[in-house]
Amino acid sequence: EKIRFWAPRIQDAGTEVVNAKNGKGSATLSMAFAGARLGKAVLTGLAGGKSEEYAYVESTVTDLPYFASKVVFGPKGVQETLGFGELS
């Protein structure tokens, strides 16, 4: 039931953003927000904190050379690539 609800929303996420903005912009706001989250996570890590965020990195979880995975950022950049977690 959850998959039936979320699958079309994820597939049409760009359209949902445009509709939510009532014609006053595009889905670039979502890309800017994602970039800001990634930037904050990287800077937090470089400043000595620990932060987790998704990033396009060399894959340790698939046969693909690169994959978007949740990673842990630290003082030296990506410290750890986390697995998929539990899948349904």
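When reading the values below, keep in mind they use all heavy atoms of this one structure, side chains included, and skip hydrogens, waters and symmetry mates.
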What are the two closest non-hydrogen atoms of G48 and P75, and how far apart are they?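 Here G48 and P75 meet closest at CA-CG, 4.1 Å.
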Inter-residue atom distance [X].[atom1] - [Y].[atom2], 0.5 Å rounding:
| X | Y | atom1 | atom2 | answer |
| --- | --- | --- | --- | --- |
| E58 | F67 | CD | CZ | 14.0 Å |
| E52 | Q79 | CD | CD | 10.5 Å |
| L38 | F33 | CG | CZ | 12.0 Å |

Any chain of hydrophobic side-chain contacts (each under 4.5 Å) joining [X] to [Y]?
| X | Y | result |
| --- | --- | --- |
| V61 | L64 | yes |
| F5 | I10 | yes |
| V71 | L46 | yes |

Whether the side chain of S51 engages the backbone of A41 through a donor-acceptor N/O pair (distance < 3.5 Å, no angle test) should be reported.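 Indeed, once roles are kept as given, a pair shorter than 3.5 Å links the two residues.
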If you apply the rule side-chain contact (heavy atoms from CB on, under 4.5 Å), what do you find for F73 with V78, and how did you get there? CA-CA 5 Å; F73 290 103; V78 174; 3.7 Å; yes
